[in-house]
Amino acid sequence: MSPPLQHIQTSTTLPASADVVVIGGGIIGVFTAYYLAQRGVSVALVEKGRIGAEQSSRNWGWCRQQNRDARELPMASKSLDLWEQFAAESGEDTGFHRCGLLYLSNDEAEISRWASWGEFAKTAGVTTHMLSAREAAERGRATGRAWKGGVFSPTDGTADPGKAAPAVAAALIKLGGSVHQNCAARGIELSGGRVSGVITEAGVIKTKTAVLAGGAWASSFCRQLGIRFPQATVRQSLLSVSPVEQGLPDVLFSADVSVTRRSDGRYALAISGSGHVDPSLQLLRFSPQFLPMFAKRWRNIRPGGLEGIRGGHETLARWRLDAPTPMERVRILDPRPDASMLRKIHHRAVELLPQLRDAPITHTWAGYIDSTPDGVPGIGEVPGVPGFILAAGFSGHGFGIGPGAGHLIADLASGAPPIFDPAPFRPERFSASAWGKVADF
C-alpha cells in the first residue's frame, strides 16, 4: 500500500521549446522548476509517472539542520527559510512547520557525537540544545523511560511528503511553468556536443539546458549519454498508524525507532539508517566505489532481493529513443516493503510509545534512497556535456533540503550567482575515492 499522495492536474500538450527542461517531478525537480519560473525563465517539467510519487512521498518528512554533514549544512539552513517563504509566496500548503526535532539516547558515544556536532553548529549559527538526563526524561516523558541525554533542535521541523511536491508543482503552474505527468524523458538530443533538446515519449522539447532530477533512475539515464554516475539505491521500509490522543512529540528520534507526526495526525514510523540493498548489475559495477560507505554503515544495511531488478531503475542496458524505455514500463517505483522489518518497526514503536499500541496501521510502503559513494548529492553541469545539469544522489536527505537544492540548481541553470557554494557537490568529484569523505550522518 503506497503512502497517501495529493494528485494534481497537469497538461498533456508539450511546448515546442523551453529555456530549461527539468526531468523528474520529485521535490528537487519541482523546486528547481519553481525557482526558474519565478525569475521569468520558461521551464518545462516532465515526469514519467505522478508528481512526487517516488521517494519524495516515501520519506520521513524531516527538514533538519541537526546532525547535517558540514557540506550540506548551508543548504539545510537556507532550506528552512525557503520552506516558510514558499508558503507565504505561493499560498500552497506543504505541511511545513518548525516543530523542533527531539533526539533521545542511552548511548554515551552517540551523545558525545551529538555534542561534538553541537560545538560545530555554534560556528555555523545553528541553534541546538544538548539535554541532560533530567531534561531528556522531561521532553521524552511520553516514553516513560529514563534517558542519559539527548538533543532538541527548536528551529528544525517537518513537511508533509504527501503534499509537498504536488504543492510546489501547483505553484509552478500558476507562474506559467509547464508540467507534464505520465511523460517519460527518454534521452537528450545533442548538437555540436551540447544539449539541444529533451526527447520524451510524447515528442522533443527544444532546449539548451536540461536538468536531470531523476532520483533512483539517474545513473541508468546518464549511462545513455556515456556518463558514469556511481549510484546505489537502498530500499527502506516504513509504516504509518492512525492518529492518537495528544501527548506524543511531533518528532522523536531514538536508535531503536523514530516517529514523525504527519499533518493529518498519522504517525510515520521507521528505523534510522536501516535498509536493504537489492543486488543488480549496476550495484556490482559501482561496488568498489561504495566500499567506504558500506564499511562505515554495514551494521544497518542488509542484502535485499529481486526488487531492484523488478524495478528496472538499475539497468545497464542502452535503450532506443523511439521505443518504450524501462521508465515507461515502471512509471512509479513502488517496491515491496520488508515484512519482517515492518514487524520490527511496529514492535519497537509500541515499546517506546505505548500510546501507539491501539493505533491501527494505516499504510505500509517502501522507497528507494538514491545514494552516492560519499553520501552527498551530485549537483552541477556534467563535464563534457554542456547544458546537462545533474541533480541526483541525495542519499536520503533530499526532501528536507529540497528548496535550497532547487534554488541552487536554478541558479546554475540560469547563470545567476549561486545561493551558496556549489563546489562540494560538483559531479566530477566522483572520479576520486570516497575514503575519508563519507558523510557522518
Side-chain angles (χ1 to χ4, degrees), residues 59-85 87 94-160 246-263 267-273 348-349 351-353 355-356 375 396-397 399-404 420 439-441:
N59 61 84
W60 294 17
W62 288 24
C63 305
R64 64 177 172 89
Q65 300 167 99
Q66 180 67 39
N67 292 341
R68 283 284 185 199
D69 184 87
R71 290 162 288 187
E72 288 184 349
L73 186 57
M75 186 182 291
S77 297
K78 189 62 180 177
S79 289
L80 288 166
D81 295 335
L82 292 175
W83 278 109
E84 290 180 324
Q85 186 178 319
T94 64
F96 175 76
H97 69 305
R98 293 189 190 239
C99 56
L101 306 185
L102 174 63
Y103 296 67
L104 299 174
S105 180
N106 281 316
D107 183 334
E108 299 277 9
E110 186 173 50
I111 294 169
S112 178
R113 288 195 298 271
W114 293 346
S116 295
W117 189 90
E119 291 302 311
F120 156 70
K122 291 176 184 178
T123 68
V126 175
T127 301
T128 184
H129 302 307
M130 291 300 300
L131 304 178
S132 66
R134 181 186 61 78
E135 292 168 330
E138 173 61 24
R139 285 197 175 271
R141 58 187 175 277
T143 68
R145 297 184 183 182
W147 298 93
K148 290 184 177 179
V151 178
F152 183 66
S153 54
T155 59
D156 290 346
T158 64
D160 194 323
Q246 294 296 319
L248 300 185
D250 285 338
V251 179
L252 172 59
F253 169 93
S254 75
D256 285 340
V257 69
S258 294
V259 179
T260 309
R261 187 179 185 276
R262 295 284 192 249
S263 59
Y267 284 88
L269 315 177
I271 296 176
S272 178
R348 289 185 176 185
E351 276 201 330
L352 182 69
L353 298 167
Q355 301 94 318
L356 298 177
H397 308 158
F399 183 79
I401 59 178
F420 38 76
D440 287 326
F441 298 98

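None of these values were measured; they are calculated from a predicted model.
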Side-chain heavy-atom pair [X], [Y] within 4.5 angstrom cut-off:
X      : Y      : result
Leu353 : Val257 : no
Ser153 : Thr127 : no
Leu73  : Val126 : yes
Thr128 : Val151 : yes

Is Asp81 salt-bridged to Arg98, going by a charged N under 4.0 Å from an acidic O?
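Yes, charged N to carboxylate O under 4.0 Å.
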So does Glu351 pair up with Arg348, basic N to acidic O under 4.0 Å?
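Looking at Glu351 and Arg348, the cut-off is not met.
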Should we say atom CZ of Arg145 is surrounded by more than 12 heavy atoms from elsewhere, each under 6.0 Å from it?
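Yes - once you tally the heavy atoms of other residues, nucleotides and ligands closer than 6.0 Å, there are more than 12.
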Please check if the side chain of Arg139 supplies one atom and the backbone of Ala136 the other of a donor-acceptor pair under 3.5 Å.
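No.
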Decide whether [X] and [Y] meet the rule of one side-chain donor and one side-chain acceptor closer than 3.5 Å.
X      : Y      : answer
Asp156 : Gln66  : no
Gln65  : Thr155 : yes
Trp83  : Thr94  : no

Heavy-atom pair of closest approach, residues Thr260 and Trp60
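What the structure gives for the nearest pair is CG2-O, 3.6 Å.
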Please state whether the rings of Trp114 and Tyr103 are parallel, tilted or perpendicular, taking 30° and 60° as the class boundaries.
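Trp114 and Tyr103: perpendicular rings.
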